[in-house]
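Let me begin by presenting the structure, written as structure tokens, before commenting on it.
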Amino acid sequence: PEVHTAGGKVERDKLDPQTGQLTKVIGEKPPASVVNLDMRQESAFEKKLGDKNAERVDDTRVKAQDSAAIIQNIHEGRKLLDSGMITGVGAE
């Protein structure tokens, strides 16, 4: 953690990598880190992800339509059975 001291200085801990010891250092505040991102890669990832999601939505839509048709067929079959249709061995 950094502690701001009088005169615009900053007190912070510094780790000695060889000894593993922390020491207090007073000095100027280090410059802020700058990170550059390649947005083209992110855009390509988002496009691929969008394509996959669209494919899943389309597959789900087809399955939902098939399920609705199957349910309708089941209802029709039940109606036929309830109307007295004779089924099984010997039914003509």
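- We find the NZ-NE2 distance between Lys79 and His75 to be 8.5 Å, quoted to the nearest 0.5 Å.
- Residue Glu55 forms a side-chain contact (heavy atoms from CB on, under 4.5 Å) with just one option from Asp51, Asp59, Asp58, and that option is Asp59.
- For the pair Arg78/Ile74, a side-chain contact is recorded, criterion being any heavy-atom separation below 4.5 Å from C-beta on.
- Going from atom CD of Glu46 over to atom CG of Asn53 covers 11.5 Å, rounded to the nearest 0.5 Å.
- Taking the side chain as every heavy atom from C-beta outward, Lys24 and Asp13 approach each other to under 4.5 Å.
- Thr60 places none of its side-chain heavy atoms less than 4.5 Å from the side chain of Val62.
- Residue Lys14 holds its NZ atom at 6.5 Å from OG1 of Thr23, rounded to the nearest 0.5 Å.
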